[in-house]
Engineer: 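First, the structure itself, so that you have it in front of you.
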Amino acid sequence: MIETTNVKAFGTEAAEAPLNELGISRRKPTAHDVEIDILFCGVCHSDLHTAKNEWHGTQYPCVPGHEIVGKIISVGDHVSKFKVGDTVGVGCIVDSCRECQYCQDGLEQFCEPGMTGTYNSPDKYLDTPTFGGYSESVVVDENYVLRIPENLDLAATAPLLCAGITTYSPLRHWNVGPGQKVGIVGIGGLGHMGIKIAKAMGAEVVAFTTSEAKFAEAKRLGADEVVMSKDKDQMAAYTGKLHFILDAVSAEHDINAFLSLLRVDGSLALVGAPEQPLPVAAFSLIMGRKSFSGSMIGGIAETQEMLDFCGEHHITADIEMIDIQEINQAYERMLKGDVKYRFVIDMASLKK
Ligand SMILES: [Zn+2]
Ligand SMILES: [Zn+2]
């Protein structure tokens, strides 16, 4: 029998219910576990979709949160990578099978039997779903824990654990770098990270938005050029000019219009998830040998690489800090796109 402790958390018991304080059980650290006191937790759109059961399959109670930054308060007997007092992060993955071809390649996000998500996955140890970072503490196997660079602001680093790796991984995979023109579509939680990271990788960054108000913002974030994507003339000026496009839009949009902006052999990768299928015209791909693809977070080693890269280039997210008691209002504001660009929960508020 595995020993557990009771931990204070914030979550929901049903799709229609608001988030409230509740108690959960966490396992006591086993030999390879570290116990982390949670300092900050970013608020991802997935949290909201899962809490409200919009992707179906939510197990209740549901405690969201997979952009976790905290300090280690205890370690299991066989932990070798971390010690008490270390500042660490936990992203979207807390375990995986460790044996399949993808786990062996460091692609735990595509683990064949399925990765263990930080929340709403079957817990390997307990008869409950996994519970995320809207809580006092979390216990995680050391192999799924990340080191946080010392020079970064901890609260603003939390969103790197999901929004950061979600944009870094495709930019790295498609070899974005100097001499390239890269498009970032949508300037929200994901897009604003995409602009910063693509710029730091040395690319020339073109941001695409439907909002005039975001022009100055995109420039401030590091975009070299900004395009109003609803304006046909502005779009036409970029026909065949881009090496790569990172598409972070979750709303309906004209994908063929963006494919036409790619050069020969260019790729467009989706990281946003529109509800309805996107109609892609065959000729949008055939003319120019173009690729239409997608990407999902990143593996553990790559997430560490991303954090180290962000440390080196002084990159963090632009955040608005909230108390946990404000989470329901924060969800309302996220639905309206009213956040610059990520809410981060100061978890000290849960201890009040
Ligand atoms: Zn996320
Ligand atoms: Zn696996």
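Just follow the structure's listing: the first ligand is 1, and inside any ligand the first atom is 1.
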Engineer: Are Tyr119 and Tyr134 near enough that their ring centres are under 6.0 Å apart?
Structural biologist: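 No, ring centres 6.0 Å or more apart.
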Engineer: Under a 3.5 Å threshold, yes or no: a donor from one side chain and an acceptor from the other, between Ser284 and Asn256?
Structural biologist: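 Side chains of Ser284 and Asn256: pair found under 3.5 Å.
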Engineer: Surrounding OH of Tyr102 (heavy atoms of other residues, nucleotides or ligands, distance under 6.0 Å), is the total greater than 12?
Structural biologist: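 No.
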Engineer: Report yes or no: does Cys44 have an N/O/S atom closer than 2.8 Å to the Zn ion (ligand 1)?
Structural biologist: yes
Engineer: Quiz question: by atom type and distance under 3.5 Å, do the side chains of Glu305 and Tyr168 form a donor-acceptor pair?
Structural biologist: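 Looking only at side-chain atoms, Tyr168 and Glu305 do form a donor-acceptor pair, the distance falling under 3.5 Å.
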Engineer: Is it true that, when you exclude Asp265 itself, more than 12 heavy atoms of the residues, nucleotides or ligands shown sit nearer than 6.0 Å to its CG?
Structural biologist: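 More than 12 within 6.0 Å, yes.
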Engineer: Quick one: name the protein N/O/S atoms under 2.8 Å from the Zn ion (ligand 2), chain by chain.
Structural biologist: Cys97 SG, Cys100 SG, Cys103 SG, Cys111 SG
Engineer: Can you find a side-chain donor-acceptor pair between Glu320 and Tyr341 that sits under 3.5 Å?
Structural biologist: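 Note: Glu320 and Tyr341 side chains miss the donor-acceptor criterion.
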Engineer: Under 3.5 Å, is there a donor-acceptor pair between the Lys71 and Thr87 side chains?
Structural biologist: yes
Engineer: Flag His45 as yes if one of its N/O/S atoms falls below 2.8 Å of the Zn ion (ligand 1), otherwise no.
Structural biologist: no
